[in-house]
2 protein chains.
Amino acid sequence: MTASQTAPDTREAIMEATFRALSEHGYSDLRVRDIGEEFEKSRTLIHYHFDGKHDLISSFLEYLIGQYESQSKLGDDENPWEALDGRIDQCLLGPELGERFDHWERMKVYHELFAQAQHNEAHREAFNEHYEVIRGNIEHVLRAGIERGSFRAVDVEDTSQFITDVIHAARARRISLDHDDAPEQAKRAIAAFVYPSLAPADAEGARTRRPSD
Amino acid sequence: MTASQTAPDTREAIMEATFRALSEHGYSDLRVRDIGEEFEKSRTLIHYHFDGKHDLISSFLEYLIGQYESQSKLGDDENPWEALDGRIDQCLLGPELGERFDHWERMKVYHELFAQAQHNEAHREAFNEHYEVIRGNIEHVLRAGIERGSFRAVDVEDTSQFITDVIHAARARRISLDHDDAPEQAKRAIAAFVYPSLAPADAEGARTRRPSD
DNA sequence: GTATCTTTACCAAATGGTCAATCTTATCCC
DNA sequence: GGGATAAGATTGACCATTTGGTAAAGATAC
């Protein structure tokens with residue numbers, strides 16, 4: 001980060017311009033000029049606020065991940081099945097429909113930078129941390145559900161990892177292959193393949209058990 | 001394709017040089033010059049055999065996918081459980097260890113171009129076709145197993161799709177996040193979450209049922 | 001000799017980045 | 001309060017280098 005205590009709005013505006021440019025041109029064809037065009041002020045101002053393209057992209061990654069994580073705070077005092085569904089929906093469909101129309105635009109950019117991470121140690125680390133947060137969120141929901149007796153005592157690590165993987169695959173498929181129904185398919189698949197192992201056999205758990213769909 | 005009936009070795013050499021360059025520099029930093037450096041002959045020869053960078057990359061994608069698909073022919077007269085395991089292993093670990101040491105190098109390049117597909121209609125189509133082949137292979141194995149009575153009569157489309165997704169997620173995780181154990185985890189997860197729904201309850205199927213691991 | 005293949009020298013455009021000049025804003029002294 | 005002043009923010013002109021691509025001259029095989 002090239003910090004600049006004053007004018008944080010400008011930095012933020014540059015971040016948003018970067019998002020738009022990245023969204024439109026893709027990472028490999030991203031020129032600083034493209035960002036400049038999405039930015040109301042002068043292009044060279046970018047160079048004043050960031051130490052070159054590399055620093056800009058790194059900062060943007062932090063910004064993108066930070067945004068994603070700050071939006072993914074959910075209350076967890078609900079019915080465990082609903083909590084789990086909620087988390088999965090949020091990952092697959094975005095936050096409460098309506099608020100953010102650009103959820104998939106963000107996802108596209110995220111996904112592209114994610115693939116790019118194989119060539120950048122620092123980015124890889126950032127994504128690893130973030131990935132662990134997402135998986136941890138799901139693990140948390142599972143753990144809470146098990147404590148309540150709504151879920152069977154499965155291996156929360158394996159299960160959360162698996163769900164996270166499926167979510168990521170569906171997103172990748174939707175984005176790279178244009179499979180618009182991939183998220184819905186993934187939801188159904190998780191319900192079909194994962195939920196059974198979560199559902200307890202006893203009546204106690206069945207009481208808070210969600211209807212199959 | 002910019003066809004050239006003669007000198008197909010040169011074209012192939014360029015494809016391999018492209019692979020190496022892509023592997024080393026990544027798509028976004030790939031210069032025609034980098035390919036030239038991996039290529040024994042002159043750099044400009046590339047421009048003689050291909051109509052510019054774009055055509056070169058497109059041809060390379062065909063080449064890469066073609067290679068992948070030609071290597072993935074397996075006999076299917078084995079035990080269905082072994083056939084399924086074999087297919088999954090092949091996707092996750094590569095063909096019989098030893099032969100191709102660069103399996104993951106190829107995968108990395110594949111994965112990167114895959115992410116890139118969101119920006120290129122033609123590439124997206126190529127990947128869609130290829131994706132369908134991979135999924136179709138698994139569907140085929142499932143269908144054969146069901147006919148033999150080794151598998152329960154599950155929805156082969158949903159199940160194959162799901163397995164394919166999990167495989168892709170594990171590869172992505174291994175490549176982008178450096179999770180070396182992702183493929184093994186995915187194998188275990190498929191065994192834990194998918195195999196149960198495949199295993200028939202009756203003794204007939206159990207006879208050819210694989211031991212859990 | 002001629003058609004395919006290969007190389008060398010070269011180029012125009014694109015691109016990340018700099019620099020000095022200008023505009024804004026906060027600070028200080030009276 | 002008001003003007004001098006310094007510090008930060010912003011701009012437009014400019015540049016060195018990189019990069020994809022070309023044209024014409026050599027090879028090489030048939």
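The sequence lines fix the lettering, A, B, ..., with proteins before strands; numbering per chain opens at 1.
dG21(D) atom P lies 13 Å from atom CZ of Phe50(B), rounded to whole Å. Nucleotide dG20(D) holds its P atom 4 Å from the NZ atom of Lys53(B), rounded to whole Å. If you take CZ of Arg43(A) and P of dA14(C), they are 13 Å apart, rounded to a whole angstrom. Across the protein-nucleic acid pair, His47(B) atom NE2 and dT7(C) atom P stand 13 Å apart, rounded to whole Å. Between Ile46(A) atom CD1 and dT11(D) atom P there is a gap of 11 Å when expressed in whole angstrom units. Rounded to a whole Å, the CG atom of Leu56(A) is 9 Å from the P atom of dG17(C). Whole-Å rounding puts the Ile14(A) CD1 to dT10(D) C1' distance at 11 Å. What separates CG of Asp9(B) from C1' of dT6(C) is a distance of 14 Å, to the nearest Å.
The ring-ring contact (aromatic ring centres under 6.0 Å, His included) test applied to Phe193(A) returns Phe162(B), not counting sequence neighbours. Scanning for side chain to side chain donor-acceptor pair (under 3.5 Å) contacts around Asp158(B) gives an empty result, with sequence neighbours left out. Applying the side chain to side chain contact (heavy atoms under 4.5 Å, CB included) criterion to Glu40(B), with sequence neighbours excluded, gives no partner residue. Checked against side chain to side chain donor-acceptor pair (under 3.5 Å), Asp89(B) has the following partners two or more places apart in sequence or in another chain: Lys187(B). Every residue meeting the salt bridge (charged side-chain N to carboxylate O under 4.0 Å, His left out) condition with Arg31(A), not counting sequence neighbours, appears here in chain and number order: Asp34(A). Judged as a salt bridge (charged side-chain N to carboxylate O under 4.0 Å, His left out), and not counting sequence neighbours, the contacts of Glu132(A) are Arg135(A). Residues forming a side chain to side chain donor-acceptor pair (under 3.5 Å) with His130(A) (at least two apart in sequence, or on another chain): Glu69(A), Tyr110(A). With sequence neighbours excluded, the residues forming a side chain to side chain donor-acceptor pair (under 3.5 Å) with His179(B) are Asn128(A), Arg173(B), listed by chain and number.
Applying the salt bridge (charged side-chain N to carboxylate O under 4.0 Å, His left out) test to pairs two or more places apart or on separate chains, those with a residue in residues 20-29 of chain A are Arg20(A)-Glu38(A).
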Pick out the pairs of N or O atoms, protein on one side and nucleotides 22-26 of chain C on the other, that lie under 3.5 Å.
none

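Ring centroid separation for the pair Tyr27(B) and His119(A) does not come in under the 6.0 Å cut-off.
Near-neighbour residues of DNA chain C inside residues 28-41 of chain A, defined by a heavy atom below 4.0 Å, number-ordered: Leu30(A), Arg31(A), Val32(A), Arg33(A).
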Going 5' to 3' through nucleotides 25-30 of chain D and flagging B where a protein heavy-atom sits under 4.0 Å of the base, S where only the sugar-phosphate is that close, and - otherwise, we get ------
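Within the cation-pi definition used here (under 6.0 Å to the ring centroid, within 45° of the axis), Arg106(B) does not qualify as a partner of Tyr68(B).
No hydrogens or angles were tested; on distance alone, a donor-acceptor pair under 3.5 Å links the side chain of Thr44(A) to the base of dG12(D).
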